[in-house]
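Input: a single structure, listed below in structure tokens.
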There are 2 protein chains.
Amino acid sequence: MSATVLYMSMSLDGFIAGPNGGPDNGLGDGGLRLHQWLMTGGDLDLEAIRRSDSVNGEIVDEFMATGATVAGRGTFEPAGGWGGDHHDGVPIFILSRHEPAAEFAQMPLVTYVNDVTTAMRRAKEAAGDKDVLVHGAGTARLALAAGVLDELELHVIPVLFGQGRRLFEGLAREQIELQRTRILEGEGGVTHMHYRVQR
Amino acid sequence: MSATVLYMSMSLDGFIAGPNGGPDNGLGDGGLRLHQWLMTGGDLDLEAIRRSDSVNGEIVDEFMATGATVAGRGTFEPAGGWGGDHHDGVPIFILSRHEPAAEFAQMPLVTYVNDVTTAMRRAKEAAGDKDVLVHGAGTARLALAAGVLDELELHVIPVLFGQGRRLFEGLAREQIELQRTRILEGEGGVTHMHYRVQR
């Protein structure tokens, strides 16, 4: 069955961005360190990783095979809306309390949705048999609270950040049990940890 | 060479204790969940795990083979000073800015030390060829800042806590690179992640 899966790169101490993050500094100071495993010569280069017959490539293949994307406005807009296509022309649902600016409203694959349950339901419908790629800390928090996040895939980077923006911040005081479903030791010390949320 | 190794059980979202922790509630509300992998029938039972020929038993064997213990007063005193013996009669160094209460001062294996560098140096001397078991978030933070923590072994528990006391809190804004040295998939969904601090 199709699942909504959060894919996030995180430092061992739980940060997904460095300090001083903002609209013009989405990854925060030094935050690029968390995405080095996806880069070649300073640029994001997913195709090179996919060709490399590596564990990291297997993970990239997996998230590039998803059938829809859900992300928050704060992830999507600073990234320029991924040029209107995250991968392979799959539908993109953006969680936002606001109407999109014109630049994003005209993107044919993109739909703005104002609640997380609707976003996840529509993304699953659009994805069919495929999984849904979920991105962003705020979206993860809302989806966990609403019980509509099925799985987590954390790419744990071998670094401590000390300061920055945390993935898990502001969750309710509630223990959510997880089932560990896969641990993969990727190249460059990146450990891919996959869990299913127990409900 | 002998290493100082932080051993801590942590939820996937980074908590080492539940909310409302305090001197009479050292693990916080629900914090026992993080230590279930060390328990039998509701009681801490390290010997049963060691006899069980399991991955978790291997980890227990490892930390019970250390030659000295370093912990903070906030870990040590609420635990009744471990009855004066953490394991096998190895020396115990307690990091504290205060003099010990009489009950702890009279324990022959226990030495109170007021700075982390001295605590680690003396523990390594006492441990000889063996590693040093380090416990406690405050001690970890001070040791990382002072550059005297050599390794981390995190037992990552398949649960989200949402709220509570974090392991990594209040560290300086500084990226500390780690070398992943071992990942073990323990029983009960516990993942043992071992890293060496790069300096």
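The model shown is predicted, which means the values in this text are computed figures rather than measured ones. Numbered from 1 within each chain, the chains take letters A, B, ... in sequence-line order.
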Cluster question for you: counting only ILVMFWY and a side-chain heavy-atom cut-off of under 4.5 Å, with indirect links fine, are [X] and [Y] together?
{"X": "Val55(B)", "Y": "Val5(B)", "value": "yes"}
{"X": "Leu34(A)", "Y": "Leu184(A)", "value": "yes"}
{"X": "Trp82(B)", "Y": "Phe104(B)", "value": "yes"}
{"X": "Val113(B)", "Y": "Ile94(B)", "value": "no"}
{"X": "Met64(B)", "Y": "Val134(B)", "value": "no"}

- Arg166(A) and Phe168(B): which non-hydrogen atoms are nearest, and at how many Å?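 Heavy atoms of Arg166(A) and Phe168(B) come nearest at NH2-O, 2.8 Å.
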Segment of [X] engaging chain B (4.5 angstrom heavy-atom cut-off):
{"X": "Leu144(A)", "value": "side chain"}
{"X": "Val190(A)", "value": "backbone"}
{"X": "Arg33(A)", "value": "side chain"}
{"X": "Leu167(A)", "value": "neither"}

- Query: Looking at Ser11(B), Gly188(B), Pro19(B), Gly14(B), which has the largest count of heavy-atom pairs under 4.5 Å with chain A?
  - Reply: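 If we count pairs closer than 4.5 Å to chain A, Pro19(B) comes out on top.
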[X] side, atom [atom1]; [Y] side, atom [atom2] - distance, nearest 0.5 Å:
{"X": "Leu178(A)", "Y": "Leu12(B)", "atom1": "CG", "atom2": "CG", "result": "6.0 Å"}
{"X": "Gln198(A)", "Y": "Leu160(B)", "atom1": "CD", "atom2": "CG", "result": "11.5 Å"}
{"X": "Ile157(A)", "Y": "Glu177(B)", "atom1": "CD1", "atom2": "CD", "result": "10.0 Å"}
{"X": "Glu169(A)", "Y": "Asp13(B)", "atom1": "CD", "atom2": "CG", "result": "10.5 Å"}

- Query: Do the side chains of Asn20(B) and Arg173(A) get nearer than 4.5 Å, heavy atoms only?
  - Reply: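 Side chain of Arg173(A) against side chain of Asn20(B), heavy atoms only: contact under 4.5 Å found.
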- Message: Within the structure provided, determine whether Tyr195(A) and Thr191(B) are in side-chain contact (heavy-atom separation under 4.5 Å).
- Response: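 In short, these two side chains touch, coming nearer than 4.5 Å.
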- Query: Glu174(A) and Gln163(B): side chain to side chain contact (heavy atoms under 4.5 Å, CB included), yes or no, with the steps?
  - Reply: CA-CA 7 Å; Glu174(A) 174 201 12; Gln163(B) 301 282 326; over 6 Å; no
- Message: Heavy-atom pairs under 4.5 Å with chain B - which of Ala172(A), Gly18(A), Gly164(A) has more of them than the others?
- Response: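 Option with the top pair count is Ala172(A).
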- Flag the one option from Met193(A), Arg180(A), Met10(A) with the top tally of heavy-atom pairs under 4.5 Å to chain B.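 Most pairs with chain B among the choices: Arg180(A).
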- Arg199(B) atom CZ, neighbour heavy-atom count above 12 within 6.0 Å: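 Counting other residues, nucleotides and ligands, CZ of Arg199(B) exceeds 12 neighbours.
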- Query: Is the count of non-hydrogen atoms from other residues, nucleotides or ligands lying under 6.0 Å from Arg121(B) atom CZ greater than 12?
  - Reply: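 More than 12 within 6.0 Å, yes.
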- What do the steps show when you test Ile176(B) against Val159(A) for side chain to side chain contact (heavy atoms under 4.5 Å, CB included), and what is the final call? CA-CA 6 Å; Ile176(B) 299 176; Val159(A) 66; 5.8 Å; no
